[in-house]
Amino acid sequence: MDSIIEGKVYVLGDNIDTDQIIPAEHLVYDCNDDQERKMYGKYALSSVPEGQQGLPDGQIPFVSEGSYVSDFQIIVGGDNFGCGSSREHAPFALREAGVKAIIAKSYARIFFRNSVDGGFYPPFDSKEDLLSFFETGDQARIDMKKSVVENITQGKVCSFNPLGEIIEILESGDLFSYARKKGLIK
Amino acid sequence: MQFGSMTITEKILAKASGQSFVQAGQNIWVDANILMTHDVCGPGTIAIFKKKFGQDARVFHKDKVVIIPDHYIYTEDKYARRNLKIIRDFAEEQDLTYFYGAFTDKYKGVCHIALAQEGHNIPGTVLFGTDSHTCTSGAFGMFATGIGNTDAAFVMGTGKLWVKVPETMKFIFNGTFPKHIMAKDIILEIIGDYTVAGATYRTMEFAGQAIKELSMEERMTVCNMAIEGGAKNGLIEADEVTESYLKDRVKKDVNYDFFRADDDANYHTLREYDASSMRSVVAKPHSPDNKGYADEMQDVEVDRAYIGSCTGGKITDLKAAAVILEDKKVAIDTFVVPATREVESDMDKVKVNGKTLREIFIKAGCAMTDPSCAACLGGPKDTFARTQGLERVISTTNRNFPGRMGSKKASIYLASPYTVAASALVGRVTDPKEYV
């Protein structure tokens with residue numbers, strides 16, 4: 001896992017639930033089929049209400065019409081990001097759409113765990129309210145070692161909480177690689 | 001708090017981790033008694049299991065991996081059909097003892113209710129399931145929580161998983177609930193008070209005389225929506241009500257523990273409610289914590305009523321609806337979906353004033369179908385009762401997020417079966433108080 005993550009920011013509000021992240025009608029595609037899995041990228045965040053799509057102004061689809069990958073690589077969210085269902089299709093869809101990191105104020109438990117154990121991307125949580133720190137489209141640079149994120153577009157820097165012990169799982173790749181490294185499974 | 005004092009959740013997890021004492025905040029490895037999966041998350045779990053443990057890998061125990069298809073059953077969607085075949089083939093290959101295949105005489109319906117009815121809920125044990133509403137089973141004094149496909153694949157191969165021991169928030173209901181109050185009102189009241197993230201990472205435990213007087217089905221509805229408060233698990237101490245439900249359902253040789261909390265156990269929150277002053281709650285769009293009361297919302301028009309799902313499709317729920325709909329006609333489109341085959345068959349046995357529930361629903365003008373999750377979570381376009389446009393639905397289901405029942409332009413109001421049935425008669429949100 002790279003300790004520097006750079007990309008364009010997409011800003012969302014509080015309580016982004018898994019039905020908004022990947023609506024249930026799309027949970028049918030095979031995650032291992034090269035063609036079918038692209039559908040998860042296509043429909044990532046497709047049920048976010050228009051006014052909430054890319055804050056502060058909204059009306060910016062996360063993935064543009066006809067595309068399978070988003071122009072945005074870093075998601076900034078509010079409280080309780082990923083609440084609702086246990087569907088691992090949610091972090092999977094975000095990663096298929098090209099997400100490299102999320103920084104939210106707080107997470108729902110299962111979504112956070114799935115992001116880490118599946119090794120999809122690091123879910124950072126911030127002490128500060130990043131919704132006023134970023135606008136959708138800003139360029140950002142995350143330094144994991146220093147636990148800071150720079151808003152390159154607006155020229156300011158903000159810190160977030162270190163990942164803590166879960167970093168070992170993310171650095172190993174996923175829960176399986178971690179358990180093998182620790183000798184918990186063969 | 002003294003060293004050695006534990007909550008019920010701590011006691012269950014201590015036993016499952018082979019330790020005499022665990023404490024909130026500790027990361028521990030626990031043994032799963034059951035891993036449950038279904039048609040939506042089963043295929044992904046199986047793919048990861050095979051990728052990580054090998055094509056010839058065997059599940060950790062063929063009696064302990066339970067597969068219950070329920071989400072996308074009655075649909076022509078080709079991918080949904082394919083997924084039903086993947087889990088069927090896997091169950092056959094692994095010779096699983098408990099596979100409740102779609103379109104067979106073993107088919108049950110909604111997994112959380114089938115787990116209870118088929119005797120898989122064992123007090124004092126740990127259940128992992130690839131569904132966030134797995135916390136329903138906490139009604140049996142057990143630790144039950146939802147996990148993703150990667151975690152489930154890990155459990156499938158090893159029978160183990162790491163968990164952080166949660167702190168407990170205990171909600172105590174003193175006195176007795178008024179007749180028109182149901183489990184849905186109880187849990188929506190709490191979620192409205194504590195928000196959808198108020199119990200994140202914690203146990204929501206429900207206690208007090210009023211909770212003890214609830215049936216197992218009502219207890220399941222309360223625990224089901226612990227996840228809507230963000231909780232890791234919901235929990236109700238097992239007692240004689242639990243015992244009598246289990247009697248004819250659990251195999252004779254299965255042992256279980258009815259854990260009690262120590263008197264000086266440590267709680268994150270202790271909150272008391274007066275059961276007798278409860279009102280009928282309605283969660284307004286688009287969040288389960290957007291609390292309103294039916295008696296203050298009588299000008300809110302609805303054009304569809306939905307009675308079904310794990311929180312609203314059990315026989316207790318359907319009977320409640322039937323009490324209100326008996327000898328009356330619904331004013332709006334009303335859909336009834338029994339949770340399981342057992343509920344469906346009980347609709348022809350359970351009666352209100354001499355009429356079976358099925359007769360009452362037909363006469364009232366309700367549309368009915370076979371048991372499954374149906375429109376609770378939208379699903380494929382041809383799903384029964386799925387919203388397609390601007391519908392305003394009053395529903396016995398557990399979530400009302402944007403797009404939850406299909407159309408993201410629809411508005412979903414969550415309420416008890418009593419409130420939904422009363423509202424169906426009027427076409428507006430209606431307090432069921434005068435009807436029961």
Side-chain angles (χ1 to χ4, degrees), chain A residues 14-21 23-33 36 39 46-50 52 78-81 83-92 105-120 165-166 169 174-180 184-186, chain B residues 27 29 40-41 43-45 47-48 51-53 71-72 77-80 82-83 86 129-134 145-154 157-158 160-162 166 195-197 200-201 227-228 230-232 286-287 289 377-381 383 386 399 401-404 406 408:
Chain A
D14 293 335
N15 301 318
I16 297 298
D17 65 78
T18 53
D19 283 289
Q20 293 180 57
I21 297 173
E25 64 184 286
H26 302 304
L27 301 180
V28 291
Y29 317 121
D30 183 348
C31 300
N32 290 297
D33 181 278
E36 281 185 44
M39 302 299 273
S46 62
S47 203
V48 177
E50 278 83 358
Q52 307 293 311
D79 272 320
N80 203 28
F81 195 96
C83 59
S85 152
S86 66
R87 62 186 72 154
E88 197 164 305
H89 311 72
F92 184 84
K105 204 154 177 220
S106 65
Y107 293 88
R109 190 190 64 80
I110 309 177
F111 178 85
F112 182 83
R113 192 178 165 113
N114 286 345
S115 298
V116 173
D117 283 0
F120 293 107
E165 54 198 347
I166 60 142
I169 299 175
D174 61 17
L175 177 66
F176 289 89
S177 324
Y178 170 77
R180 287 206 171 92
L184 297 163
I185 56 171
K186 280 184 211 138
Chain B
N27 282 317
W29 287 87
V40 164
C41 295
T45 299
I48 299 171
K51 192 167 156 193
K52 299 292 182 176
F53 291 107
H71 277 56
Y72 305 155
D77 186 285
K78 64 173 180 175
Y79 297 115
R82 186 254 327 262
N83 289 345
I86 291 173
T130 60
D131 189 294
S132 59
H133 293 112
T134 301
T145 194
I147 56 174
N149 294 354
T150 299
D151 282 348
F154 193 92
T158 65
K160 292 177 190 304
L161 193 62
W162 72 273
T195 82
V196 286
T200 301
Y201 283 97
I227 183 66
E228 264 52 76
K232 179 175 274 186
H286 294 282
S287 183
D289 63 1
L377 77 164
K381 293 263 187 305
T383 301
R386 182 187 189 276
R399 286 191 176 135
F401 302 140
R404 174 68 181 180
K408 72 174 169 180

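To find a chain, count down the sequence lines: A is the first, B the second, and so on, and within it residues start at 1.
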Can you give me the closest heavy-atom contact between [X] and [Y], atom names plus distance?
{"X": "Tyr72(B)", "Y": "Glu25(A)", "value": "OH-N, 4.0 Å"}
{"X": "Ser132(B)", "Y": "Ser86(A)", "value": "N-OG, 3.3 Å"}
{"X": "Asp30(A)", "Y": "Arg82(B)", "value": "N-NH2, 3.5 Å"}
{"X": "Gly379(B)", "Y": "Ala24(A)", "value": "N-CB, 4.1 Å"}
{"X": "Phe53(B)", "Y": "Phe176(A)", "value": "CE1-CE2, 3.4 Å"}
{"X": "Thr150(B)", "Y": "Asp117(A)", "value": "CG2-O, 3.3 Å"}

In terms of heavy-atom proximity below 4.5 Å to chain A, should [X] be classed as side chain, backbone, both, or neither?
{"X": "Trp29(B)", "result": "side chain"}
{"X": "Lys381(B)", "result": "side chain"}
{"X": "Pro43(B)", "result": "neither"}
{"X": "Ala152(B)", "result": "neither"}
{"X": "Asn149(B)", "result": "both"}
{"X": "Ile227(B)", "result": "side chain"}

Distance (rounded to the nearest 0.5 Å) between [X] [atom1] and [Y] [atom2]:
{"X": "Arg87(A)", "Y": "His71(B)", "atom1": "CZ", "atom2": "NE2", "value": "7.5 Å"}
{"X": "Arg113(A)", "Y": "Leu161(B)", "atom1": "CZ", "atom2": "CG", "value": "4.5 Å"}
{"X": "Asp289(B)", "Y": "Asn15(A)", "atom1": "CG", "atom2": "CG", "value": "6.5 Å"}
{"X": "Asn32(A)", "Y": "Lys51(B)", "atom1": "CG", "atom2": "NZ", "value": "6.0 Å"}
{"X": "Thr45(B)", "Y": "Glu88(A)", "atom1": "OG1", "atom2": "CD", "value": "7.5 Å"}

When you compare the side chain of [Y] with that of [X], does any pair of heavy atoms fall below 4.5 Å?
{"X": "Arg109(A)", "Y": "Thr145(B)", "result": "yes"}
{"X": "Phe112(A)", "Y": "Tyr201(B)", "result": "yes"}
{"X": "Cys41(B)", "Y": "Leu27(A)", "result": "no"}
{"X": "Ser46(A)", "Y": "Lys408(B)", "result": "no"}

So which of [options] has the biggest tally of heavy-atom pairs under 4.5 Å with chain B?
{"options": "Asn80(A), Ile185(A), Asp14(A), Leu184(A)", "value": "Asn80(A)"}
{"options": "Gly84(A), Pro23(A), Cys31(A)", "value": "Gly84(A)"}
{"options": "Gly119(A), Ala179(A), Ser85(A)", "value": "Ser85(A)"}
{"options": "Glu36(A), Lys186(A), Glu165(A)", "value": "Glu36(A)"}

Which region of [X], side chain (C-beta onward) or backbone (N, CA, C, O), has a non-hydrogen atom less than 4.5 Å from a non-hydrogen atom of chain B, or is it both or neither?
{"X": "Ile110(A)", "value": "side chain"}
{"X": "Ile16(A)", "value": "neither"}
{"X": "His26(A)", "value": "neither"}

Going by side chain to side chain contact (heavy atoms under 4.5 Å, CB included), name the residues that satisfy it together with Ser106(A), two or more places apart in sequence or in a different chain.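 Ser106(A): side chain to side chain contact (heavy atoms under 4.5 Å, CB included) contacts with Asp79(A).
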Top of [options] for chain A proximity - count of heavy-atom pairs under 4.5 angstrom:
{"options": "Gly129(B), Gly44(B), Gly157(B), Ala153(B)", "answer": "Ala153(B)"}
{"options": "Thr195(B), Thr200(B), Val40(B), Thr130(B)", "answer": "Val40(B)"}
{"options": "Ala47(B), Gly403(B), Gly378(B), Gly146(B)", "answer": "Gly146(B)"}

Check whether Asp19(A) reaches the backbone of Phe401(B) with its side chain - one donor and one acceptor, N or O, closer than 3.5 Å.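 No; zero donor-acceptor contacts below 3.5 Å.
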Under-4.0 Å salt bridge between Lys52(B) and Asp174(A):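 Counted as a salt bridge, because a side-chain N and a carboxylate O are separated by less than 4.0 Å.
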